[in-house]
Amino acid sequence: MMETGSEPLLEVHELDAFYGPAQALFNVSFKLARGEAVALVGRNGAGKTTTLKAIMGLIERRSRMSRYAGTDIRTSPTHRIARLGLGYVPEERRIFTDLTVAENLEVGRLPARSHRPPWTTTRLYKIFPNLGEMAGRSAGSMSGGEQQMLSIARTLMGNPDAVLLDEPSEGLAPLIVEQMAQAIVAMKNDGIAVLLSEQNLDFAASIVDRALSIETGAITFDGPIADLMQTRRHT
Amino acid sequence: MARAICWSVWSSMSFSFVIAQILNGLASASSLFIVASGLTIVFGVTRIVNFAHGSLYMLGAYFAVTLMTPLLDVSRSFPMFVLGLICAALLTGVLGIALEVLLLRRVYKSPELLQLLITFGLVLVIQDLVIRIWGPLEILGPRAPGLRGAVSIAGVQVPSYDLFLIAMGPLVFGLIWLVLARTRFGILVRAATQDREMVAALGVNQSILFTGALFLGAALAGLGGALQIPRAAASPQMDIAVLTDAFVVTVIGGMGSVPGAALAALIIGQLNAFGIVVFPKSTLVLVFLLMAAVLIVRPYGLLGRAEPLSLRVVTPEGFTAIAPTSAPTWRWCGVLIAALTILPWAVDAYAQKIAIEILIFALAAFALAFLIGNGGLVSFGHAAYFGIGAYAAGLAVKKLGFGMETALLLAPLAGAGAAALFGVFIVRLSGIYLAMLTLAVAQIVYAVAVQWVELTGGDNGIVGVWPARWASSRITYYYLTLVLCSAGIFLLHRVLHAPFGYALRGARDSAVRADAIGLDVVKLRWLAFTLAGAATGLAGGLYAFSKGSIDPTLLAIPQSVDFLAMLLMGGIQHIAGALVGSTALHTLKVIALPLTDMWRMLLGVMIIAIVLLTPQGLVGGGLRLFRRSTRGGASA
Amino acid sequence: MIARPLLSVDRLTKAFGGVVAARDVSFEVGRGELVALIGPNGAGKSTTFNMVGGQLEPDRGSVMLDGTAITGLAPRAIWRLGAGRTFQIAQTFVSMTAVENVQMALQSAQNMSFNLWRSAHALHRDAAIGLLRSVGLADSADRPVATLAYGDIKRVELAIALAGAPKLLLMDEPTAGMSRGERHDLMVLVGALARDLGLGVLFTEHDMDAVFGHASRVLVLVRGEIVARGTPAEVQADALVQRIYLGKSGTLAAAEAGRSRGTS
């Protein structure tokens, strides 16, 4: 629906990634359209986190083609990729616990680049009321769920057109996981494309329609998530 | 009784003396804070302890000395003096930028040891450059116009310049606070202090941030140096001296904490001012006691915070795996020993002397590899135990009248004793804190050796430390050295393969896991430190008799750097690295020293080049070449 | 009923700068029992866990292990009294092989770790391989742990913990970072070990399968206090637990886990 033309927002072709001498990804290829939400599912150690980190340039990577919003990002440094409008929410949240909640958001602030209304702290505090109440408090004093919210809000401050979300439900209580799903759906409804790395198929199915399955560093499935769940049930 | 002494000391101090010392202490606190704050900011953002910080301080002083004269010629006024200070600070700041862009940027992802070594390489390079440009002698700077006199406070004549310095501390503190708390740059700096990678993933160009932090840190170092010139002359030795001070302040205050640096500077300033009354010779000892006390109560300094208990798994820099020594390896060892046995008959007297030195350094370097490679204990003060062994041997012969045999028994005991004593404090820390504390301890030992003239002979040292009659021929002494050094290396090697060596390496890999299987990590490290101290002390004792004399350079920082450079050159991941490295480096030094008066610079450039180009050293590189050639074309 | 419980935690309390992380937490773990400690993030699970394991010293209260007071002892002392521990992020000796990791623990258990002379390579190697076999890893004994899959590294950690012949296993999120299949296998293994060796197991976990499919009893911690306790079925049916912790999907998952337990 949000797709404009045939040009995908993010396109990765034959992506390899390395931890030192060890190769962790093999020929990973996929596309993500504007406004689309896709899940990247697989076992732990299959290469989900590695894929996201490789796209962001956080680890050593090589690819035939990697484009984001029409720009070649094969060798771009991390900060430049982020500035193109590709947000990243890491697995371990990685909020700045020494800074206040408001300062955390300030670190994520980048100028708006799309037609959408820019994200402001006011707007974010409406979606995440907890954060508004704690704006002046140290981020380190927040609970795990609140830190995960802050991590997402901080990335939204960069006004991204797409967000790579790495296992947002990991290590959270079931009730918080439900809230997390709602927040991600809200992002999607705002027109932000989402690539969601997830082990929990049920959680992913509540958010996305399409899924990529990754096993030992290679994509093994690309299609509707319902089909993937079907095959999983049968095996 | 201690109380009575205190009272008598206090009552001997008049009120005006107390005022004078307080102000004196405040002035020195200001200077200490300005230098230390720069070090702590750079560490916070880059996680690198910049050993070249003292060199930047020295350059700031030289820049000020050079700039002040023409500036004050224009107008002999206070504003011109301030302009000179600012120019010196900015110029040093620009050098900081160059340092970041050309060197540090390449090692942010390297292991800590290599980061420390590369900045130390720079210390050596800058020292020789300064001597080349400004000459080896001290240069006196002009005094500040308008601040030459003294002001009377409560009946005490206080130099106006001291009051100016006292004002500068809070002023600089306020400015740093404003920048860090109120600007976007400051928020980003604090964020990057915690998680650089995440800051980049949020679209912030870290390079600019790091460059900015280096500019700020270097400018503060330069300002600190420039502010000193009306009080003390600029000299090529001021870098290491101020580095120790800055280390002590940042360690006591807490690494990365600017308020901590301020608090520690205030305490140390007063301690120095009043410590003179109690301990007129060396207040360094008092400062060390303070540091020891603080670190026992708060291992991360007064306002520093413990690094969050990291469960993240990182491959440690050091021995990667230790397999049982294979039969071919033992055979090669046999061949080597045989070759070393016939060596003295094949070479001249000079080469015999060099061979003795190499054997001694091999033992000391192997002990350091035992600590760093197997234990993860990065000691930057290894020469202290080498020197203590040498002094113990020398004093045993000259002052106590013992023979060489007893002296060579006392040398390892003294090395072990000193390591056991200092180790109590040192092994409670880890990583960079441990490295800084070892260096500070070594500096204190050095200061004692220089200042306790009655015992140590001061800078002149002790002469006439000759071997016993039976060992007085060079060949006999060579065999004595060969036997003792081989035995030392063999014993340490044995320990590496024993449960203790494994446990020590395990504690390096994961201290949390070691604790959870019942291992007392602190005790393990303390014993390792003591054993290494014993082996190094023995090496020092052998060295004393081979030279016939001892002087404080044996326990000075350059000697510690030599040992580290040996490990670096040989390769820290392999047990044989220290042996290959000590042979290679000492041979090179012997060849190069007569050819150049800039050995320090050569060594510094070499250290930087190895870190940047072949951080695995000769053994690591050689093994890789060997594997590549044996594997041939068959690619897996 | 056993007269004396293996682990007895009595009114443990800990505050961090005015914030109470655990208040009057009391519970017991018996031999052969798997007790799960669950609750929202920040509820005090880790705090409680670390007070039992010795990583934190409680402000008040006591911990008894098999009749011995271990309150406030160092982790290494608690290990010697019979508590093996695994971590949320596996902690192993990365420069060593799997079997060397276990040998280290055996050597420590025999008070040999300060031996400077004996060769360590073969010392307790057979016993270590035996322990690796009990966790299904005998074939990987001589592989460096750094090259093992994460699920296997967690098994090595379990073998290390067993090397001290513990009476109690403390497992902090034992299945974190594992796939669904690996999670199931590990919990089955732990259950079997507990039964066969008569070990008590205390574990924290977020995975509903692990908790409701494998625990003997469940403790629910919210804001530092135990708000519910009982069998998995009782806890899953508790309205308060459903409201403040499980939520809708968690309740469903817990129910499903409980059912599959009945059938398997």
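We name chains A, B, ... by the order of the sequence lines, and we start the count at 1 in each one.
Considering all non-hydrogen atoms of both residues, B:Pro499 and C:Met112 come closest at CB-O, 3.3 Å.
Within the 4.5 angstrom heavy-atom criterion, atoms from both the backbone and the side chain of B:Leu519 approach chain C. Contact of B:Leu491 with chain C is made through the side chain alone, with heavy-atom distances under 4.5 Å. Both the backbone and the side chain of C:Leu116 come within contact range of chain B, judged by heavy atoms closer than 4.5 Å. The part of B:Leu531 that comes within reach of chain C is its side chain, from C-beta onward, which places non-hydrogen atoms under 4.5 angstrom from that chain.
Contact count versus chain C (heavy atoms, under 4.5 Å) is highest, among B:Pro324, B:Gly318, B:Gly506, for B:Pro324. In terms of heavy-atom pairs under 4.5 Å with chain B, the best-connected choice from C:Met96, C:Arg85, C:Gln107 is C:Met96. Of the listed residues B:Asp520, B:Leu527, B:Val521, the one with more heavy-atom pairs under 4.5 angstrom with chain C than any other is B:Asp520. Taking B:Ala323, B:Gly501, B:Ala507 one by one and counting their heavy-atom pairs under 4.5 Å with chain C, the maximum is reached by B:Ala323.
Among B:Asp509, B:Asp515, B:Val512, the single residue meeting the side-chain contact (heavy atoms from CB on, under 4.5 Å) criterion with C:Gln91 is B:Val512.
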What's the verdict on side-chain contact (heavy atoms from CB on, under 4.5 Å) for C:Glu100 and B:Tyr502, showing C-alpha distance, side-chain angles and the deciding distance? CA-CA 9 Å; C:Glu100 284 174 341; B:Tyr502 268 64; 3.1 Å; yes
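Distance alone, capped at 3.5 Å, is enough to place a donor-acceptor pair between the B:Arg494 side chain and the C:Trp117 backbone. In this structure a side-chain-to-backbone donor-acceptor pair under 3.5 Å is present from C:Ser108 to B:Ile517.
Annotation: C:Asp196, atom CG; neighbour count of heavy atoms from other residues, nucleotides and ligands within 6.0 Å is above 12.
Summarising the geometry, atom CZ belonging to B:Arg505 is positioned 10.5 Å from atom CZ belonging to C:Phe93; distances are rounded to the nearest 0.5 Å. The structure places OG1 of C:Thr86 at 7.5 Å from CZ of B:Arg513, a figure rounded to the nearest 0.5 Å. To the nearest 0.5 angstrom, B:Gln573 atom CD is 11.5 Å from C:Ser95 atom OG.
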